[in-house]
Enquirer: 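Got a structure here, written out as structure tokens. Questions coming.
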Amino acid sequence: MFRYTPLKDAANDIRLLHLYSGNEGGVIECQLRVCSLSPLSPLNPEWRYQALSYTWGNAAATHPILMNGKTFLVSNTLASALKRLRFPKVSEDIVSENQDTVHQFRILWIDAICIDQQNVSEKNVQVQKMKQIYQLASSVVIWLGDDHESGDEKHHYDSSIWELDHLEKGCFNTTRSAVALVEKIAAACKSYDPNSLPEGYPEASVDPRQWANLSRLFRRPWFERLWIVQEVIVASRALVYCGGFVVDWTDLLIAARFILRPYPIMPLPSFRFFPIMGAERVTALAQQNFDRTNLLRILHQAQGAKAKDPRDRLFGLLGLCYEEKDAVVDYSKSVEEVYTDWASMRIKNTNTLDVLGACADSGSSGVPSWVPDLRRPWGQDKVLFGGMSQGKVRRSFDAGSFISRSPIATFLDNVTLNVTGTFLGRISELGIIGTMDSTLSNLMNLNDDLLTTIKSWEEMILSKFGLLPQKVNAFIRTLFRDFVDWEDEDEIQNFIALYELWRRQERFNKDFYLEQVPQSKRFEVDIERLLFPRIHGNQLFLTDRGDVGIVAGNCCVLPEDGTYVLAGCSAPVILRQIDREVEDEHERVNPHNSREYVWMMKEGRIMMAEFQYRMLGPCYIHGYMWSENVAKSLKRYGGEVHKVTNITLV
């Protein structure tokens, strides 16, 4: 069996794989060579290499190859890639006559082989160099798999939509048709006017089977991997391999973007396929608008990706951030330690509580409630997070600026965080959680699901406040998070009128609706597309002080939970009070300790009950999203609501 020789200088050295040529059915032969990373360059022919991006697959299913003449086990997925990527073997006579044109080996960097995965200290160093390794590669080779993969059958093609009685099993011809369609769309759309149909765009002439084959390509597991976000973004060029076919990543991306954004072009015969193609998987990996200075925003944009090791949900994206000092790659630590250390370092380094925006009842999964559990969906929608993180919005939320404190928080121990906040009110009523068909397989069903949820939420408002205009307006603005991602107040008022028009019509005439909107804005104000992410998975709530808000359903909020504004946190949060009993003989009240205590009797003994709080998640509360509005809203109430208190989060 092959055994690794430790790298003499793991900080500068890397291993490169020489994949030797071979014939179909022949043994895969390779050789590992060590070289220094510093002289590597895409222009240096001596070490010109390609970096492989692929899905590891089932680690238990292995295939033997020859590495430096000895047996080495790789996953079946990787073995398939190596078989396809190696050059065909030719006779020695041909090699001697054509030294310059016959390729005898391909140089590759493959993480599963070039890093000793059992050597934790080496892995810690090498993982931090992966961004540089993929940047310096002459190209990134993306391996989607063979023409047919067992997972292809998992996706069901509804015959009523696709009009297909039978879809051919993946083979040479199906892959060829999918790649041909990508190239045809890309050629037509590389330079087109978004307000007109691209010349040469494949319309009625395309067989539904060809669209289905392309959809099957989009749904390969590779598009779900978290590591590929970094691998694709930093690549100088990327080539997509599927079976025996190759397509440029740029062409695949162009085709996917057009499929996702067909407006304002009139619907084509193939339009019915677009929502279910899976093209969003492609565009999600090409986030050219990443804020490379903010790791939290990068994590948010990549939260739907998958990673076998939960620690990689953080480590796998560190390379995308230009200056990130919040985390250090260390595979010797547990998942909980990695997440807690990162959250603590970020709070100290930024002097903000922006990490709370990623929490969604984290305390229920083994980490402190103020630490984002990156294994779970985040506790807010994209619009709320954009307003919290200074994204491309009209004006960022800054509710926490209402309170002044420095430092913004103190750590009482590894799991306990002391912050400052103002109580806003308790949740008195909770609406249903908006649940829609997230596959968007039927746009009419989506419209019905949206209306069902909205009507249910409206009944809450009407039963509590009647038709009070102030509360109706608060509901609409809560629904759209006060249009934080819109630029002009006049446009907002016009859109509210359009929303009310859409809401009143049981059978909404979209053509008439679009005629009321400038052509350049038609995609942005498509009601269903705007409402879906603002309602799906979210829950309307009312407070005992009459405020209207919305929170992610996975925050597991209950009536009587409290709403607060915290110093250093740009949006209000929802906390749940926890009582921890402490015996007086063993723990005395420290007058310099900011925790709150009340005296109580239990079984004849004097006890103290310390009030601690569990962070559930961020939320939108109308009237409390900007600091000056917080002050105005609080003036409506007297007494304790004005009190700024110390709050202990556990």
Enquirer: For Y613 and D561, which I'm curious about, is there any donor-acceptor pair between the side chains at under 3.5 Å?
Expert: no
Enquirer: Looking only at side-chain N and O atoms, does N213 offer a donor or acceptor that is under 3.5 Å from a partner on T174?
Expert: no
Enquirer: Quick one about Q50 and S139 (side-chain donor to acceptor, distance below 3.5 Å, no hydrogens or angles considered), yes or no?
Expert: yes
Enquirer: May I ask you to check whether over 12 heavy atoms, not counting those of N414, lie within 6.0 Å of atom CG?
Expert: no
Enquirer: Less than 4.0 angstrom from a charged side-chain N to a carboxylate O is my criterion; do K8 and D13 meet it?
Expert: no
Enquirer: Please report the closest heavy-atom contact between L384 and C619, naming both atoms and the distance.
Expert: CD2-C, 4.0 Å
Enquirer: Does the pair V328 and L318 meet the rule for a side-chain contact (heavy atoms from CB on, under 4.5 Å), with working shown?
Expert: CA-CA 9 Å; V328 176; L318 289 178; over 6 Å; no
Enquirer: For D330 and R311, what are the C-alpha separation, side-chain angles and deciding distance, and is it a salt bridge (Lys or Arg N to Asp or Glu O under 4.0 Å)?
Expert: CA-CA 9 Å; D330 189 349; R311 294 170 294 188; over 6 Å; no
Enquirer: For residues W227 and Y134, establish whether the separation of their ring centroids is below 6.0 Å.
Expert: no
Enquirer: Minimum heavy-atom separation for Y20 to F105, with atom names?
Expert: CD2-CB, 3.8 Å
Enquirer: Any ion pair linking E336 and R375 (charged N to carboxylate O, less than 4.0 Å)?
Expert: yes
Enquirer: Sequence neighbours excluded and cut-off under 3.5 Å, please list the side-chain donor-acceptor pairs for residues 113-121, or say none.
Expert:
residue : atom : partner : partner atom : Å
D116    : OD1  : Q118    : N            : 3.1
Q117    : NE2  : D111    : O            : 2.9
N119    : OD1  : S121    : N            : 3.3
N119    : OD1  : S121    : OG           : 2.8
N119    : OD1  : E122    : N            : 3.0

Enquirer: Are there over 12 heavy-atom neighbours, none belonging to K308, within less than 6.0 Å of that residue's NZ?
Expert: yes
